[in-house]
Amino acid sequence: MGANAFEKARVLLHLIKWRLTWSRRNTHYRFTLPDNPKFMGARDAVKLIQDGDVLASSGLAGNQRACIMYWAIREVFEETGHPRDLTFMSVGALGGRGKTPGTVEEVGIEGLCTRYFTGHWETHKAQLKLGDEGKCELQVIPQGTLGLLWDAMARGEDSLLTKTGVGTFIDPRVGRGTPLAGTSTQQYVTVEDDMLRYTCPKIDVAFFNAPAADRKGNIYVKNCVMVGESYEISVAAKRNGGKVIANVGLLVDEGYDEIFMPADMVDAVVVYPGTEQTGSISHRKYWDMFTTNSKTPIDKSIDLLKFSNQTLGITPRRYEVDNVLARLAARTFAENGHKGMYVNIGVGLPEEVCRLMFDGGLFNDITLLTESGVMGGLPAPGVFFGAGLSPTRIITSPQMFKLCYEKLDVTCLGVLQADSQGNVNVSNRGKGAINYVGPGGFIDLTVATKMIVFVGTWMAHAKMEIKGGKLNIVKPGTPKFVDKVDEITFSGPEALKAGKIVFFCTNVGVFKLTERGMELIRVTPGVDIQKDIIDACPMTVVLPESGDVPLVGDDVMTGKGFDLKKLFLS
């Protein structure tokens, strides 16, 4: 049963209230305990940060934001000029695209943040602008690789040797390596025996958002949406003689739950009432649907989040052309999948594929997971990406990437560009740092998995429609399938060498990466192979040796008789 009108009205009121108050904060708020000096206000915690320190924070997208700490660091700097010349590090996107307050963009001020490392850059507009102006050094390390590097540092190691990134832009033999923009071209990756060795600065201060602390300062994560890299950055900081700051929403009694982080690891506990479980939702009024204890039906959760994302204007409106493409990708997965698979889902159109997997009854046959550390349940879409609906388990992000390298069977991801060699670009949208996206967890996931289902529109800005079970290209757009991508985020030749199965699902049909090239293995009804595919894109297209290309089925084109369960189990 989906959400009713009353439930949607409650969500609407919640979002309106959040939007009207999202800049409101009180960095002077101080919750203290007379018998425990670790409890302090956000501004007091900022005094633990020294000029030139390296700070690492945990989180992904709108999840686990330590908003009050970002605001406090900015305000204290603006008032005193200190702390200054700081290096910030985060594995994933913690910015607000220059629009949403209370993100890591608060520290994107000249003189305050002079160096930043992350895997996903797109949302960090303040730092990207500083990079283009030559006022901040910007470095890129793949999301999972950076998390695993911190895990290595927590064990006392100072670098990570891995195959991840070989053949991509991060490989100095192929692209620019880690530097993106700003004041330095220092490399934090080197080639070693056809592998890559990554390094990064040692952590001086780790800070993170968690649901609760008890009076001793023990930290609990009950009813969190994720724990991210909280544990690894804290252990790495302590090993380096650094500080750990926990920003929590609740004070609870000892024994509230299993202790996530013992008090002796924590130097400061900042209790703040507005600390969020996820974007707009506080720990004090957490949403049950995101927790491992959830009692909210998943179909109701899907309805409420779809309504939330549409209200916020986060997710684009989907049309029948998009629905057909999602069905094509879901069918491609089902035809090549089997029970027991571990499956990762990316943002954008892959979220629609994930919904079809749920609607199609595959939910109990596979384990869906998100790189944030959320396992089981259904990955949350849009602004809530990184969280999960009714997850069965939540582990740290580095633990999740370890699991992916051991067990990941399939990943379904989007495409910005693909080329004749099967290379994919998702990291670079245009000139200048301001247009840079970054790889996020894309490089790690495509290296770790056995099968990849890429899903993306055939052309950018094209006008297409479905009529009578056929595709009609009303107005062609800019080709996304080109002879050579602008930046290699995924290496087709390396994937073939590793024996991976790689599909590209598009509006005009399905391509499979083979030793012969990008082979068209399914064509959409209504598409003229010569005119609409071969002549319409710079990519070299290979046809089957038989010369015959099977048509995409009517079940995909119309939705009638579309049965993933039957395909999956046959």
Side-chain angles (χ1 to χ4, degrees), residues 52-56 85-93 113-122 124 127-128 130-204 229 232-233 236 240 398 401 423 425-429 431-444 446-447 485-491 493-494:
D53 271 354
V54 176
L55 281 68
D85 300 325
L86 301 179
T87 294
F88 283 83
M89 299 194 292
S90 63
V91 299
C113 177
T114 55
R115 187 170 57 167
Y116 201 112
F117 290 72
T118 190
H120 195 288
W121 269 109
E122 186 176 24
H124 302 73
Q127 284 84 358
L128 290 170
L130 288 177
D132 275 337
E133 293 171 352
K135 297 173 181 176
C136 184
E137 174 186 343
L138 310 183
Q139 295 281 349
V140 183
I141 296 179
Q143 181 178 331
T145 302
L146 184 53
L148 291 172
L149 178 54
W150 288 344
D151 180 63
M153 288 181 162
R155 297 192 306 269
E157 301 169 15
D158 60 3
S159 64
L160 178 71
L161 185 64
T162 175
K163 289 281 291 184
T164 300
V166 170
T168 72
F169 76 88
I170 207 78
D171 185 337
R173 298 166 297 185
V174 175
R176 65 172 187 279
T178 64
L180 172 60
T183 55
S184 173
T185 57
Q186 182 175 346
Q187 284 284 6
Y188 288 88
V189 61
T190 55
V191 178
E192 189 172 317
D193 298 329
D194 201 34
M195 298 179 76
L196 299 178
R197 186 173 292 279
Y198 294 87
T199 60
C200 73
K202 290 185 177 181
I203 300 170
D204 296 306
E229 308 75 41
E232 287 81 4
I233 60 175
N240 190 41
F401 277 103
N423 296 318
N425 169 29
V426 297
S427 49
N428 191 357
R429 277 211 177 99
K431 293 182 179 179
I434 199 68
N435 291 310
Y436 198 70
V437 179
F442 188 95
I443 296 178
D444 299 273
T446 53
V447 169
V485 294
D486 294 335
E487 179 166 283
I488 300 176
T489 329
F490 166 79
S491 170
E494 288 294 326

Nearest non-hydrogen partners of [X] and [Y], listed with the distance:
X      : Y      : result
Pro179 : Ser184 : CB-O, 4.2 Å
Val140 : Pro439 : CG1-CD, 3.6 Å
Phe442 : Thr446 : O-OG1, 2.8 Å
Asn423 : Pro493 : OD1-CD, 3.4 Å
Pro398 : Gly147 : CG-O, 3.5 Å
Ala236 : Met153 : CB-CB, 4.0 Å

Starting at [atom1] of [X], measure out to [atom2] of [Y] and round the result to the nearest 0.5 Å.
X      : Y      : atom1 : atom2 : result
Thr164 : Ile170 : OG1   : CD1   : 11.0 Å
Ser159 : Leu196 : OG    : CG    : 12.0 Å
Leu86  : Thr114 : CG    : OG1   : 7.0 Å
Tyr198 : Leu146 : OH    : CG    : 10.5 Å
Thr178 : Leu138 : OG1   : CG    : 11.0 Å
Asn428 : Phe169 : CG    : CZ    : 8.5 Å

Go through Thr162 and Asp444 one step at a time and tell me if the side chain to side chain contact (heavy atoms under 4.5 Å, CB included) criterion holds. CA-CA 10 Å; Thr162 175; Asp444 299 273; over 6 Å; no

Fit a plane to each ring of Phe117 and Tyr188, take the angle between them on a 0 to 90° scale, and name the class: parallel (under 30°), tilted (30 to 60°) or perpendicular (over 60°). perpendicular

Does the [X] side chain pair with the main chain of [Y], one donor and one acceptor, at a distance under 3.5 Å?
X      : Y      : value
Gln187 : Arg176 : yes
Trp121 : Gln139 : yes
Asp53  : Asp204 : no
Glu137 : Arg115 : no
Asp132 : Ala433 : yes

For Asp194, all residues meeting side chain to side chain contact (heavy atoms under 4.5 Å, CB included), sequence neighbours excluded: Lys163, Val166, Arg173

Run the side chain to side chain contact (heavy atoms under 4.5 Å, CB included) test on Ser90 and His124 for me, step by step, so that the C-alpha distance in whole Å, both residues' side-chain angles and the decisive distance to 0.1 Å come before the verdict. CA-CA 11 Å; Ser90 63; His124 302 73; 4.1 Å; yes

Student check: side-chain heavy atoms of Val91 and Trp150 closer than 4.5 Å: yes

Are the side chains of Val189 and Pro172 in contact, using a 4.5 Å heavy-atom criterion? yes

Could you go step by step and tell me if Glu487 and Tyr436 meet the side chain to side chain contact (heavy atoms under 4.5 Å, CB included) rule? CA-CA 11 Å; Glu487 179 166 283; Tyr436 198 70; 2.7 Å; yes

Going through the checks in order, is the side chain to side chain contact (heavy atoms under 4.5 Å, CB included) test met by Asn425 and Ile488? CA-CA 5 Å; Asn425 169 29; Ile488 300 176; over 6 Å; no

Side chain to side chain contact (heavy atoms under 4.5 Å, CB included) with Val426: of Ile443, Val437, Thr489, only one passes, and it is Thr489

How about Thr199 and Asp158: does a side-chain donor come under 3.5 Å of a side-chain acceptor? no

